[in-house]
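Residue indices begin at 1 and follow the sequence shown.
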Amino acid sequence: MSFDTKLTRFGGRIVMVGFGSIGQGVLPLLLRHIDMPRERIVIVTADESGKAEADAQGIRFLAAPLTRANYKDVLAPLLQAGDFLLNLSVDVSSVALMEFCRERGALYLDTCNEPWPGRYTDKSLSPSERSNYALREEALALRRKYRSGPTMLPTHGANPGLVSHFTKMALLNIAADTNLSISRPQSREEWASLASTLGVKTIHIAERDTQVSAVPKQVGEFVNTWSVDGFVSEGEQPAELGWGSHERHFPADGFRHEFGCGAAIYLGRPGASTRMRSWTPIEGPLHGFLITHAEAISIADYLTARNGDEVTYRPTVHYVYHPCDAAVLSIHELAGKNWRMQKQKRIIVDDIVSGADELGVLLMGHARKSYWYGSRLSIDETRRLAPYNNATGLQVTAAVLAGVVWAMENPDRWIVEPDEIDYERILEICAPYLGKLIGAYSDWTPLADRESLFAEDLDKADPWQFKNFRVV
């Protein structure tokens, strides 16, 4: 695919809700690859941030914060049958927007299943009810409620989203490299069977961001390479993970949900205070945060094998995130203030002087031990590829573009998760924007170089037990 290729023609309008760093980064990609008049794109966002960028590209800009009380009134004049609502906002309910889009006959995509403001920290709700697990169950309940409708693709950014497609490619690559003769899976049952046959026990979404700004983080400032509000809200939620069938040490601070698919558990602590061991090709061993993400639940659920009601196989799945170093300092300061947000927020893009984002999936427990597959994208490559992006942002915006194109090409699929759509088409669209797509094997396990200073409580019989990954 060349960078001037029109991937699809669209006859409707695109309404973008939210225009932060990801919205600003994805707009040039939509203009570049979707054949439609730019006059049929409108931005609806909470404030004037980004207006100059929208004006420079000739896009209509409407500063109108969406609330429970007004979202239908604001959006109804803008959204008709055959249009597309691209939700890149925070604090606007994804489920409410999806139901509204169904009423209007419009397509829909978001990168995170968002609730209305306050739910993540609502003390009247249990941690289970504040979780991504609960939000996913509400979206699936909406799917069951109506059965059919225009295509809605929730949680399709880089992660969640792109990493589900990386997982399928990684499974196929491991099968080929271990001389396992298979037919390409065509259903979730066949994908689960492949993962089980390979012996995959644990899957990390393993990310290391090394981008550095020329402007150091200041005291009282939260610095990040993508949405500060989005990262903090995720970090303050309970740490969540898909819980594998091989696990034999239930966490002392772990809890099961009393509703839904049962594929995941949560810990009684924020994700931004929960550190895990993982590995990426450049960084090698690392400590990252167990940040709740929808893919930890959807991938674990998708790869579950059952015999009747009995779960016979499921991998443990979760996100292990080492953000840029300025963001790590910001989290440390945030936690030290008992999770009270800093007064100043800054997203670094133009001031980045070096670094890259390694984002991939680390599949462990198979015959080759550990295999990482994903994107290694530097800031220099990013600037050659697309404006208004840093490396972290472009991995997201490329996946948003791919999801939008796929939904336009498949307009009547109702609510579908990333795990359920065409991974080959998504990767075909994303690949030119992902830098180097890399597959790397390693002998690394979470037991490597342990107990060099102190004795530890480890399960040495099975390195892939969740307890061995935790940093305590």
Go through the steps for Thr392 and Asp209 under the test side chain to side chain donor-acceptor pair (under 3.5 Å), then give the verdict. CA-CA 8 Å; Thr392 308; Asp209 182 352; 3.1 Å; yes
List the steps and the verdict of side chain to side chain donor-acceptor pair (under 3.5 Å) for Asp462 and Gln465. CA-CA 6 Å; Asp462 181 6; Gln465 291 290 306; 2.8 Å; yes
Evaluate the side chain to side chain donor-acceptor pair (under 3.5 Å) criterion for residues Thr280 and Glu358: first the C-alpha distance (whole Å), next the side-chain angles of each, then the deciding distance (0.1 Å), finally the verdict. CA-CA 7 Å; Thr280 66; Glu358 274 189 298; 2.8 Å; yes
Kindly determine whether Tyr373 and Leu172 satisfy side-chain contact (heavy atoms from CB on, under 4.5 Å), including the steps that lead there. CA-CA 11 Å; Tyr373 181 84; Leu172 293 173; over 6 Å; no
Salt bridge (charged side-chain N to carboxylate O under 4.0 Å, His left out) assessment of Arg376 paired with Asp357: CA-CA 6 Å; Arg376 179 188 297 163; Asp357 203 318; over 6 Å; no
Apply the test salt bridge (charged side-chain N to carboxylate O under 4.0 Å, His left out) to residues Glu190 and Arg184: give CA-CA distance (whole Å), side-chain angles for both, the deciding distance (0.1 Å), then the verdict. CA-CA 8 Å; Glu190 291 177 359; Arg184 184 155 299 191; over 6 Å; no
Let's go through His249 and Asp459 carefully: what are the C-alpha distance in whole Å and the side-chain angles of both, what is the deciding distance for side chain to side chain donor-acceptor pair (under 3.5 Å) to 0.1 Å, and is it a yes or a no? CA-CA 9 Å; His249 308 281; Asp459 185 337; 2.7 Å; yes
Trace of the salt bridge (charged side-chain N to carboxylate O under 4.0 Å, His left out) decision for Arg119 with Asp91: CA-CA 9 Å; Arg119 175 162 170 172; Asp91 288 339; over 6 Å; no
Apply side-chain contact (heavy atoms from CB on, under 4.5 Å) to the pair Ile379 and Val212, showing each step before the final yes or no. CA-CA 10 Å; Ile379 186 62; Val212 176; over 6 Å; no
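For Phe466 and His318, the ring centers are positioned less than 6.0 Å apart. Ring to ring, Tyr423 and His165 are not that close: their centroids are 6.0 angstrom or more apart. For His204 and Phe469, the ring centers are positioned less than 6.0 Å apart. Phe289 and His322 have their aromatic ring centers separated by at least 6.0 angstrom.
When atom types are taken as modelled, the side chain of Thr316 and the backbone of Thr202 share no donor-acceptor pair closer than 3.5 angstrom. Ser370 places a side-chain N or O within 3.5 Å of a backbone atom of Trp444 that can act as its donor or acceptor partner. Put simply, the side chain of Asn389 gets close to the backbone of Gly25: a donor and an acceptor are under 3.5 Å apart. When atom types are taken as modelled, the side chain of Thr397 and the backbone of Ile22 share no donor-acceptor pair closer than 3.5 angstrom. A donor-acceptor pair under 3.5 Å is absent between the side-chain atoms of Gln211 and the main chain of Thr225, judged by distance alone. The main-chain N or O of Arg314 is found under 3.5 Å from a side-chain atom of Ser245 such that the two form a donor-acceptor pair. Side-chain atoms of Glu420 never come within 3.5 Å of backbone atoms of Val416 as a donor-acceptor pair (strictly under, hydrogens ignored). No donor-acceptor pair under 3.5 Å is formed between the side chain of Tyr371 and the backbone N or O of Leu171. Side chain of Glu207 to main chain of Ile205: no donor-acceptor pair is present (N/O by atom type, distance under 3.5 Å, no hydrogens or angles). In this structure a side-chain-to-backbone donor-acceptor pair under 3.5 Å is missing from Gln395 to Tyr433.
No side-chain donor-acceptor contact under 3.5 Å links Asn113 and Thr155.
Remark: Asp350 does not engage Arg383 in a salt bridge, criterion side-chain N to carboxylate O under 4.0 Å. By the 4.0 Å N-to-carboxylate-O rule, Asp301 lies close enough to Arg136 to be salt-bridged with it. Salt-bridge annotation for Lys168 and Glu424: absent, with no side-chain N of the basic residue lying under 4.0 Å from a carboxylate O of the acidic one. Between Glu48 and Lys51 no salt bridge is recorded (no basic side-chain N to carboxylate O distance below 4.0 Å). Using a 4.0 Å cut-off between charged nitrogen and carboxylate oxygen, Glu240 and Arg130 do not count as a salt-bridge pair. At a threshold of 4.0 Å, the pair Glu456-Arg450 counts as salt-bridged, since one of the basic side-chain nitrogens sits closer than that to a carboxylate oxygen. Ion pair Lys123/Glu129 not flagged as a salt bridge, since none of the NZ, NE, NH1 or NH2 atoms sits closer than 4.0 Å to an Asp/Glu carboxylate oxygen. A salt bridge is defined here as a Lys NZ or Arg NE, NH1 or NH2 lying under 4.0 Å from an Asp or Glu carboxylate O, and Glu221 with Lys345 fails to meet this definition. Salt bridge annotation for Lys467-Glu247: absent, with no cationic side-chain nitrogen under 4.0 angstrom from a carboxylate oxygen.
Across all non-hydrogen atoms, the minimal contact from Gly157 to Val400 is CA-CG2, 4.4 Å.
Taken from OG in Ser330 to CD in Gln218, the straight-line distance is 11.0 Å, to the nearest 0.5 Å. With rounding to the nearest 0.5 Å, the separation of CG in Leu153 from CE in Met98 is 10.0 Å. Ile182 contributes atom CD1, which lies 7.0 Å from atom CG of Leu198 (distance to the nearest 0.5 angstrom).
Residue Arg470 is tested with Thr274, Asp253, Asp457 for a side-chain hydrogen bond (donor to acceptor under 3.5 Å, both in side chains); the sole match is Asp253.
Residues Leu394 and Leu377 are in side-chain contact: their nearest non-hydrogen atoms beyond the backbone lie under 4.5 Å apart. When side chains are defined from C-beta on, Ile348 does not count as touching Asn224, because their heavy atoms never get closer than 4.5 Å. Tyr133 has its side chain within reach of Cys261: a pair of non-hydrogen atoms, C-beta onward, lies under 4.5 Å apart. Annotation: side chain of Tyr313 is in contact with side chain of Val200 (closest heavy-atom distance under 4.5 Å). Using a 4.5 Å cut-off on side-chain heavy atoms (C-beta onward), Asn87 and Glu114 make no contact. Inter-residue side-chain proximity for Glu234 and His293 is flagged as met; some heavy-atom pair is nearer than 4.5 Å. Contact of the Trp339 side chain with the Leu334 side chain is registered, since non-hydrogen atoms from C-beta on lie closer than 4.5 Å. Contact of the Lys436 side chain with the Ser375 side chain is not registered, since no non-hydrogen atoms from C-beta on lie closer than 4.5 Å.
Ring geometry for Tyr266 versus His257: interplanar angle of 30 to 60°, hence tilted. Aromatic ring pairs are classed by plane angle as parallel below 30°, tilted from 30° to 60° and perpendicular above 60°; the pair Phe231 and Trp226 is tilted.
With Tyr441 as the aromatic partner, Arg368 meets the cation-pi criteria of under 6.0 angstrom to the ring centre and within 45 degrees of the ring axis.
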